[in-house]
Every structure is written in structure tokens, then in C-alpha cells.
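So the structure is just underneath, and the comments pick up after that.
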Amino acid sequence: MDTIVRFAPSPTGRLHVGNIRTALINWLFAHKSGGKFMLRLDDTDQARSTEEFADGIREDLRWLGLDWDLEARQSDRFDRYDAMVAKLKADGRLYPCYETMEELDRRRKRKLARGLPPIYDRSGLREDDKERAAHEAEGRKPHWRFLMHNFDGEPDNIVETKIGWDDLVRGTQQVDLGSLSDPILVRADGSYLYTLPSVVDDIDFAISDVIRGEDHVANTAAQIQLFEALGGDIPKFGHHNLLIGADGQALSKRLGDLSISSFREDGLESLAVVSHAATIGTSDPVRPFHSLIDIEDQFSFSKLSRSPARFDPQELRALNGKLLHETVYAEVEARLDARLEGRSKPEVEAFWLAVRGNIERFGDVDMWNGIVWGAIEPVIEDGEFIARAAELLPDEPYDEMSWGVWTAAVKKETGAKGKALFRPLRLALTGMEFGPELKLLLPLIGREKAHARLSGEKA
Ligand code: GLU
């Protein structure tokens, strides 16, 4: 069986870090096994799904480099789901239930109060045509439940029914269908819940491996019976651990500050986002990668931990800085050229090597561009010392040695050393307390500008 996996978001919001982790794990799995990666838009909830969110999902995946080989949307496939519903009805596997959600809720609570498992008692299944007609006459519409095969003889006689699979991430799994309610597949208004369309699609698109978050483990057992009921091949399943927020709660798709688009707008590198997604919640340390291929090389299900991982936006930002600090010039050449127009290639390269260790976001290069080549207000605390240093500035050409030559001369002349020597020079040359190594900045600033700044001029 060829490998085909799918990432199946609902276009009811923007993607967040948790979602793209699922997307990335699927993408990596497909690429590692030479298979295909499918984007499936689970948009059966027509009221909440929008075209804008669908576009947003595509944009986010593209930005992250997670390209897909095929795409489908569930709203194009209602005929197919209707046909499968007809089949399940004909086979006696889908039965109408007329309880309202409030009635079900009341029954559930009563069961819980009596210490019983709150599972649906299949009363809808026991109703005859006359009773059903009476409900209809009252204007009620049924929702439809999938009859699970978890009984012996009569459906009332529910017995322990272990459904097992060899999970790609969690190893041997077993869920007792006897402890679950028959899932609702179709709502009273005729709309589909996620379960049936998902299984029908997984069959029709020959999905070989269903890889998703571990919040779907219980669904998987019922879905396996649905695959069987629809006559489809049962794929392999893998359920990865989930991310939780700083408060320990599940990440919600509506948390705007954790959305991929907010990271992009914040100026984070897409590679930092995918590096973070690839290493958080694994046995590997969170670290930067410089390409998806590098991530692919080290990816393995066996590294995923079994417990949820806490997402910390601060950690992602730090990782972004770390990635930039070790990024070679060739990787950012085009982006730098766009920001540093008119500068020669050797200048731009030297600039990058000087400043990359001092930036957290790529956009920070603008600030250093301004400090190196723009006009700054020098900060001079001890005018006499700085005036002496200005006189001692060596002649050009400058290279990385020039700073050492100059400061040795200033030290000899003034007796200043260590912080007392370097801090005032940095303040005068850059207006800043901290920054890139001055032996790298001085050749970029050049003698004329350096001299002007040391003389207190805005230059
Ligand atoms: N739309 C479903 C979700 O986002 C897909 C789950 C699945 O992968 O089967 O939860």
C-alpha cells in the first residue's frame, strides 16, 4: 500500500502551534516514506467554516514549507456521505434517535448520580415505526447513531469488546467499545459530525496512515468498526502527544497569539517554528534546524513523548534567535539585499556576520543597519578620554585587527583598560551599551564616521 497521509483541519479558525505540529508530523512521515501528503479541509460545519480560513490554512502551510500533493474538501463530497449513510441504514448500522440534547444530558446526569457509566442506552433503537412516526408528527427530527458491534445477541446485552491496534506512536492500544456510546454520525438538522466523513474520505483517498493528536484515541476504536461497516481497508493509526498552554490547558484554535499567522507577523522565521514543532515534546532537545530535510533526517515516532508538552512562546522566540545566530550569509543573502540596498556583497556579508549574534528576529537587522550606516547620536560621558581616542584612530584601510591596534594605543595613552576602556568607545561609536563585537563593526562604520561620532557629531 502506498503511503498517503492527510492533515485534516477544519477551516473554522487559523492554525495554531498544535495544529501545525500534526501537519508537520504527517508531512515528515510522508516524505520519509516517499509517500504523499494530503490537505483535507474538514468543512462539514458550513456555518463556521469560511473560505478565508481555508486560504489562511493554505498560506500558513506554504509559509512553513509544508507543501501538499493533493487537496480535498468535505463540502464537495456530501453525495458520497449520503450514499454511505444509505448503506449503513440498509445494513441496520445507523438508527434514528429522537431525544433532544437536553433529554440526553438529563439522562447522562441521572446515570452518573447512580454511579453508572453515562453511556447511551440505545432506547432509540428499540422504538418501532409507530413511535417514530409519533415523534415526527410532533415535529421532531431524528439524529442518527452508528450501532457498534459491542453486544452479544441483542443490542441491549452490551459486553466488553476490545478493539486493538498497533499505534505508530503509542504501541499496542486497546479500547473497550462496551464502555462507549454509539456515536452520532448525523445531526437532527441533517449535518454531519466529523466521524463519518472522515472515515469515508480515509477510505476513498486510500489513506494508509492516520496520524493525529491523542485526543482522537477513543474515536479510533469506533472508527475502526465504521471502516469495517463501510467495507474499507483499515489504515494504520498513530496518535501523537498534544501541546498544552502555559496554564496547562489544551491549546485552542481560537487563541490568536499562538496562531502561525501571528508568529509570521511577529517576524519569526518559519524554520524556527517548524524546528520548534519538530522537537518540542520529544526526547531531543529543542533546537534549530536549517532545512526541512535536516528535520526529516532525525524524525522518528519513537522520539515523541507520551505526555503533553508545554508550549512556551518565550522558548520559540529564543529558538528563533539561536537559529539566526548560526545562519550563514548565503541563506539570507537575498533578504539582506532587499533591506540593505546599495551595499556591496562583501559589506553585506561582513555586516551579517557582525550582527547575527545580536538579533532575535531578522527585522532587527534594520536597527543595526541604522547604527552602522545611518546617523546616530553618540553617547559621550568622558569628553577628554573620547577626544584622545579620536586622535589615536588609525588610518584606513580597516580590518578585524584595526580595533585591537586602536584600543591598545588608547590603553597605552590613557591607562584605561577592560570595561573602562571599551564601554565609552562602544557608547560613542554606537550609542548603545551592548552590541556586536566592535572589531567587526569598526571596519563597517569606517574611519570618517567613527571620527565624527567620537567628536560628538550626529553621524
Ligand atoms: N478535523 C479533525 C480535527 O481537526 C481531523 C481529525 C483527524 O485527523 O481525523 O480534529
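Note that the structure is predicted; figures quoted are calculated from it, not measured. Whatever order the structure lists them in is the order used to number ligands and atoms, beginning at 1.
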Of all the atoms in ligand 1, which lie at a distance below 4.0 Å from a heavy atom belonging to A8?
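Matching atoms, with element in brackets: 1 (N), 2 (C), 3 (C), 4 (O), 5 (C).
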Under a 4.0 angstrom heavy-atom cut-off, which atoms of ligand 1 come close to R212?
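Numbered from 1, ligand 1 contributes 7 (C), 8 (O), 9 (O).
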Could you list the donor-acceptor pairs under 3.5 angstrom formed by side chains in residues 225-236, with sequence neighbours left out?
unit_1	atom_1	unit_2	atom_2	d
Q225	OE1	H149	N	2.7
Q225	NE2	H149	O	3.1

CG (D76) with more than 12 external heavy atoms under 6.0 Å
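Yes - once you tally the heavy atoms of other residues, nucleotides and ligands closer than 6.0 Å, there are more than 12.
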Taking the minimum heavy-atom distance to atom 8 (O) of ligand 1, which of Q223, R40, H216, R6 ranks first?
R6
Of the listed options (V210, D43, D42), which comes nearest to atom 1 (N) of ligand 1 when hydrogens are ignored and any heavy atom counts?
D42
Under a plain distance cut-off of 3.5 Å, with no hydrogens placed, do E136 and Y98 share a side-chain donor-acceptor pair?
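Side chains of Y98 and E136: pair found under 3.5 Å.
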Residue list, side-chain hydrogen bond (donor to acceptor under 3.5 Å, both in side chains) with W27, at least two apart or on another chain:
H31, D67
